[in-house]
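Since this is a predicted model, take the numbers as computed values, not measurements.
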Amino acid sequence: MSFDKLMKVFAPDGRIYQMEYAFKAIQSFGQTSVAVRGTDAVVVCTQKKVPDRLIVADSITNIFHINDNIGAVIVGNMNDAKSLVTWLRHQAAQYKFKNGYFIPVPVLAQKLSHYLQKFSQQAYMRPLCVNTTLVGVDEEFGPQVYRVDPSGQSVGFRAVATGSKEQEAMTQLEKHWKKNEGNWDTKGTVETAIQVLQTVISSDFKANEIEIGISTAAHPQFRKMTEAEIEQFLNDLADKQ
Amino acid sequence: MSGTGFDYECSSLSPEGRIFQIEYAEKAVETSSTIVGVRCKDGIVLGTEKIVVNKMMVPGTDKRIYSVHPSAGCVVNGLVPDGKSLMFRAREEATQYEKMFGIRIPGNNLAERLGMRAQLNTVYASQRPYGSTLIMATHDHIKGMGLFMVEPSGSCFEYYGCASGRGKQLARNEIEKKNFREVSVNEALPLIAKILLKSQEEMKEKKQEIELSIMSEETGYKHKILDRAFVDHLAAKAAEEIENEQMDMA
């Protein structure tokens, strides 16, 4: 077994195989998430799959609160995800303590990026097999969506999908974007996210099979929607079609 | 399932993105004693079955069920020293939380911390994953009862009923069949004793021992490890029932 596939070193063709395997690992979990940035709101949306009847449904989630104003949706290895969420919460709290105001999403994304890059360069640790999307409505910059991948690359998006169906979902998001240059109001943002997810998973959701997190300029506190609210949006969408 | 070189350390991912060290740790758990946790109407029951390895051992000293704090208890399987290490960590977490915040640690916080501690051992080349699964029953005044299972990969979820070890499939089928949420803890105990004994069917020639603990309204939601005499009595009755069932079938 060639050492360049075993350890985090450069292979002769310039690739780092261990990092590529980490990306593959994310696909193997079968989760997809969609995050959309509107003119005054950000929405994250993901499928809620409870693998076992005996599990309490509330204990399974891909959407996490980081701060009052920042949320994260994470796909991939959920154990790595929980560890990462604790780290993110710590960073956000420290920033507020030191500087007196909430950490802006781009700054947190940058910190996460530096943290994950370390995992890609040290031999004794493996990369965390998760794709993180940070969202929030920032007081200075407005709605923000940042995706940070296992190699530490952090990029701002207008709309992004991660996970096993990300290619398809990105194509769908581009289609929706072309329609109105991304000028969605709050309702439009939610509907775009749900529609794209429904198309790629090719099934219509019930309110308890989907998780939606939202933050708007009017109510910047990131929160997860209740089943009743999700039901409302799904019904409106169904009526439209 | 051969790792061929990608399975020496936790810090290597295989080409398909699997971490073989974690899968091997789960294998170690799969072939070990069965542990079960069941949430009943008014409480939670934890239990385990084990083979008595040495006739010279004083019965009841090979403990698998431990209390973490007065209203939380856990049971471990697999490599028992690993499980004990995780259990001691749980005790430390609970003490530190209470010292800092003044209230007893809520069940889901404790379970999550243990899950993350287990996950920590799956990242570095210098560590191996914990070779045991831990099922924990907790009670707090915020969310009430909680039953959690922490696996070698660091997965930690809340359950209505869970099992791990060699009798996992059998135990899970029985738990799903019987709706334990409608049954009280006292009614559930003999049923769970039966499930535990059934799951060590193939090891019949060796001497078996079961351990049980409860945390219910009756005990004031304090974790109570049932004493040897009572448990042996339950086991004897359950063994009798199993024999009668088999004679009826034959």
- Task: Return the set of residues passing side-chain contact (heavy atoms from CB on, under 4.5 Å) with Gln47(A) (not counting sequence neighbours), or none when no residue passes.
- Result: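 side-chain contact (heavy atoms from CB on, under 4.5 Å) list for Gln47(A), sorted by chain: Lys49(A), Ile201(A), Phe205(A).
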Atom pair [atom1]/[atom2] of [X] and [Y] - distance to nearest 0.5 Å:
{"X": "Ser14(B)", "Y": "Tyr21(A)", "atom1": "OG", "atom2": "OH", "value": "8.0 Å"}
{"X": "Gln127(B)", "Y": "Met125(A)", "atom1": "CD", "atom2": "CE", "value": "12.5 Å"}
{"X": "Ser155(B)", "Y": "Asn77(A)", "atom1": "OG", "atom2": "CG", "value": "7.5 Å"}
{"X": "Ser12(B)", "Y": "Arg126(A)", "atom1": "OG", "atom2": "CZ", "value": "10.5 Å"}

Got [X] and [Y] here, is their nearest side-chain heavy-atom distance under 4.5 Å?
{"X": "Phe157(B)", "Y": "Val56(A)", "value": "no"}
{"X": "Leu13(B)", "Y": "Pro127(A)", "value": "yes"}
{"X": "Glu112(B)", "Y": "Lys82(A)", "value": "yes"}
{"X": "Gln119(B)", "Y": "Asp80(A)", "value": "yes"}
{"X": "Glu158(B)", "Y": "Ile55(A)", "value": "no"}

- Ile175(B) versus chain A, the contacting section by heavy-atom distance below 4.5 Å: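 Side chain of Ile175(B) only, per the 4.5 Å heavy-atom cut-off to chain A.
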- Which atoms of Ile19(B) approach chain A - backbone, side chain, both or neither, heavy atom under 4.5 Å: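 Side chain only.
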Under 4.5 Å from a heavy atom of chain B, the part of [X] involved:
{"X": "Phe23(A)", "answer": "neither"}
{"X": "Met78(A)", "answer": "neither"}
{"X": "Leu128(A)", "answer": "side chain"}

What do you reckon, is [atom1] of [X] surrounded by more than 12 foreign heavy atoms closer than 6.0 Å?
{"X": "Lys222(B)", "atom1": "NZ", "result": "yes"}
{"X": "Lys224(A)", "atom1": "NZ", "result": "yes"}
{"X": "Glu218(B)", "atom1": "CD", "result": "no"}
{"X": "Gln121(A)", "atom1": "CD", "result": "no"}

- Most contacts with chain A, counted as non-hydrogen pairs under 4.5 angstrom, among Gly115(B), Pro15(B), Cys10(B), Gly146(B):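 Highest number of heavy-atom pairs under 4.5 Å: Pro15(B).
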- Message: Let's test your reading of the structure: which of Leu147(B), Leu120(B), Thr122(B) forms the most heavy-atom pairs below 4.5 Å with chain A?
- Response: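 When all of Leu147(B), Leu120(B), Thr122(B) are compared, Thr122(B) has the most.
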- Item | Largest heavy-atom contact set with chain B, pairs under 4.5 Å, which of Ser59(A), Cys129(A), Ala57(A) |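 Looking at each option in turn, the highest pair count goes to Ser59(A).
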- So which of Gln122(A), Arg53(A), Glu20(A) has the biggest tally of heavy-atom pairs under 4.5 Å with chain B?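 With the most close heavy-atom pairs to chain B, the winner is Arg53(A).
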- Sub-3.5 Å donor-acceptor pair from the side chain of Asn79(A) to the main-chain atoms of Ser153(B), do we have one?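 Here the side-chain-to-backbone pair exists.
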- Indicate the atoms forming the closest heavy-atom contact of Ala25(A) with Gly17(B), along with that distance.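 Residues Ala25(A) and Gly17(B), closest heavy atoms: CB-O, 3.2 Å.
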- Task: Report the C-alpha distance between Val123(B) and Phe119(A) in whole Å, list the side-chain angles of each, state the deciding distance to 0.1 Å, and finish with yes or no for side-chain contact (heavy atoms from CB on, under 4.5 Å).
- Result: CA-CA 10 Å; Val123(B) 182; Phe119(A) 286 80; 4.1 Å; yes
- Item | Polar contact flag, side-chain donor to acceptor under 3.5 angstrom, Arg18(B)-Ser28(A) |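 No - no donor-acceptor pair under 3.5 Å links their side chains.
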- Query: Hey, is Glu16(B) close enough to Lys24(A) for a salt bridge, meaning N to O under 4.0 Å?
  - Reply: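 The answer is no: the pair does not qualify as a salt bridge.
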